[in-house]
Peer 1: 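Structure below; questions to follow.
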Amino acid sequence: MRAAVDNEMIGQTPCRGVKLPRMPQTEPHVLTPLEVSRIVRSATKPHDLLISLLAYAGLRVGEAFALRRADIDVSGGLVLVDENLAEADGTLVFDTPKSHQKRVLRIGPSLAARIGRHLETLPGGRDALLFVTPGGKPLHYHQWRKAYFDPAVAAAGLTDVTPHDLRASHGTWVADRYGVMTAAHRLGHSNASVTTRHYARPVAGRDDQVATAADIWLSGDGATDPVV
């Protein structure tokens with residue numbers, strides 16, 4: 001309606017003063033590291049690596065789909081996130097990440113080594129995608145989830161887990177241990193408030209640990225802090 005006013009199609013918007021209802025926020029399903037490990041071990045290769053990147057690097061699904069050989073520094077354990085694969089009306093489109101910000105993420109040595117072994121079997125040059133269909137085409141989200149992700153979740157004995165839940169789990173783990181700002185960087189958020197609003201969640205048991213620590217603080221014995 002504002003656009004109609006701007007284009008002089010109507011003189012005044014009938015929506016003035018109308019407040020829209022707030023959209024309900026659905027809570028992400030935050031998994032434990034052990035649950036994620038079961039999903040990874042249950043996935044077929046190389047999709048176990050893709051799932052690992054969602055959970056242990058916090059990538060968006062489209063960012064993982066768009067990873068190329070040139071984005072991986074195996075020896076340095078680094079992943080360059082500078083592209084996203086999105087789907088619009090059935091057409092796949094490569095674009096910048098959602099935040100339009102490139103970022104470099106460090107991954108663990110074991111995951112880097114596993115990706116390195118995958119790269120050795122990968123045909124093509126520096127622009128070759130890491131993860132493709134059996135026919136060598138870019139992945140479609142719904143097809144990939146039905147063929148590879150959901151079966152891995154079921155084989156792990158879990159239900160109601162989405163690929164996005166792995167990203168939310170990563171954000172929660174990182175925020176809990178290393179702070180919200182670090183989690184925001186890992187997830188590619190320019191504003192940490194997005195991280196706390198949509199991703200990071202309190203970890204079960206932390207409130208009990210804080211209460212125990214507060215009791216020690218009250219006694220004046222700060223030598224040991226049980227909150228880790």
Side-chain angles (χ1 to χ4, degrees), residues 1-31 50-51 53-55 57-68 71 79-105 127 129-133 135 137-150 153 159-176 179-202:
M1 288 296 147
R2 285 196 297 269
V5 173
D6 293 340
N7 287 279
E8 300 181 349
M9 299 176 67
I10 57 176
Q12 180 176 305
T13 170
C15 299
R16 291 176 61 184
V18 176
K19 293 185 178 180
L20 296 176
R22 297 188 65 177
M23 294 294 291
Q25 294 286 341
T26 57
E27 284 293 306
H29 182 178
V30 176
L31 290 84
L50 198 163
I51 293 172
L53 286 165
L54 302 181
L59 267 62
R60 300 177 177 92
V61 176
E63 293 171 344
F65 285 1
L67 284 177
R68 302 178 186 273
D71 297 328
V79 176
L80 171 64
V81 183
D82 63 348
E83 206 169 8
N84 185 75
L85 180 60
E87 189 168 350
D89 297 326
T91 302
L92 294 176
V93 179
F94 287 94
D95 201 351
T96 57
K98 187 175 180 180
S99 60
H100 304 293
Q101 293 182 337
K102 299 179 182 180
R103 66 191 189 279
V104 176
L105 299 175
D127 287 338
L129 293 170
L130 264 65
F131 308 108
V132 293
T133 67
K137 302 296 184 182
L139 295 170
H140 286 259
Y141 173 78
H142 293 291
Q143 294 173 358
W144 174 80
R145 180 172 174 181
K146 182 179 180 180
Y148 301 105
F149 183 81
D150 289 346
V153 170
T159 58
D160 298 326
V161 178
T162 70
H164 187 75
D165 290 333
L166 301 185
R167 178 170 159 84
S169 298
H170 183 81
T172 295
W173 301 342
V174 175
D176 180 59
V180 173
M181 294 303 296
T182 302
H185 164 71
R186 299 281 296 182
L187 298 177
H189 294 153
S190 58
N191 191 324
S193 65
V194 177
T195 308
T196 55
R197 186 165 65 249
H198 296 294
Y199 294 90
R201 292 296 183 271

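Numbers here are sequence positions counted from 1.
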Peer 1: Is the charged tip of Arg60 near the ring of Phe65: under 6.0 Å from the six-membered ring centre and within 45° of its axis?
Peer 2: no
Peer 1: Got a donor-acceptor contact below 3.5 angstrom from the His29 side chain to the Asp160 backbone?
Peer 2: yes
Peer 1: Can a donor-acceptor pair be found between the side chains of His170 and Arg186 at a distance below 3.5 Å?
Peer 2: yes
Peer 1: So that I can tick it off, tell me whether Arg68 and Asp127 are bridged by a salt bridge, with the cut-off set at under 4.0 angstrom between side-chain N and carboxylate O.
Peer 2: no
Peer 1: Quick one: pull up CD in Glu87 and CD in Gln143 and give me the separation to the nearest 0.5 Å.
Peer 2: 7.5 Å
Peer 1: Take Thr96 and Glu83 through the side-chain contact (heavy atoms from CB on, under 4.5 Å) test and state the conclusion after the steps.
Peer 2: CA-CA 5 Å; Thr96 57; Glu83 206 169 8; over 6 Å; no
Peer 1: State the CZ-OG1 distance between Arg2 and Thr13, to the nearest 0.5 angstrom.
Peer 2: 8.0 Å
Peer 1: Are the side chains of Val81 and Asp71 in contact, using a 4.5 Å heavy-atom criterion?
Peer 2: no
Peer 1: Under the 3.5 angstrom rule, does the side chain of Asn7 hit a backbone N or O of Ala3 as a donor-acceptor pair?
Peer 2: yes
Peer 1: In Å and rounded to the nearest 0.5 Å, what is the CG to NE2 distance from Leu92 to His140?
Peer 2: 4.0 Å
Peer 1: Give, for atom CG of Asp95 and atom CG of Leu85, the distance between the pair rounded to the nearest 0.5 Å.
Peer 2: 10.0 Å
Peer 1: Is the shortest heavy-atom distance from the side chain of Leu166 to the side chain of Phe149 under 4.5 Å?
Peer 2: yes
Peer 1: With Glu63, which of Asp82, Asn84, Leu54, Leu105 fulfils side-chain contact (heavy atoms from CB on, under 4.5 Å)?
Peer 2: Asn84
Peer 1: With side chains defined as the heavy atoms from C-beta onward, is the minimum distance between Phe131 and Pro138 less than 4.5 Å?
Peer 2: no
Peer 1: Under the side-chain hydrogen bond (donor to acceptor under 3.5 Å, both in side chains) test, which residues partner Glu8, sequence neighbours left out?
Peer 2: none
Peer 1: If you define the side chain from C-beta out and look only at heavy atoms, does anything of Val30 sit under 4.5 Å from Asp165?
Peer 2: no
Peer 1: Can you tell me how far CG of Leu139 sits from CG of Leu129, rounded to the nearest 0.5 angstrom?
Peer 2: 8.0 Å
Peer 1: In Å and rounded to the nearest 0.5 Å, what is the OG1 to CZ distance from Thr162 to Arg167?
Peer 2: 12.0 Å
Peer 1: Start with the C-alpha gap between Leu50 and Tyr148, add the side-chain angles, then the distance that decides, and say whether side-chain contact (heavy atoms from CB on, under 4.5 Å) holds.
Peer 2: CA-CA 10 Å; Leu50 198 163; Tyr148 301 105; over 6 Å; no
Peer 1: So do the side chains of Arg145 and Pro163 get within less than 4.5 Å of each other, counting heavy atoms only?
Peer 2: yes
Peer 1: Main chain of Leu31, side chain of Ser169: is a donor-acceptor contact present, judged purely on distance under 3.5 Å?
Peer 2: yes
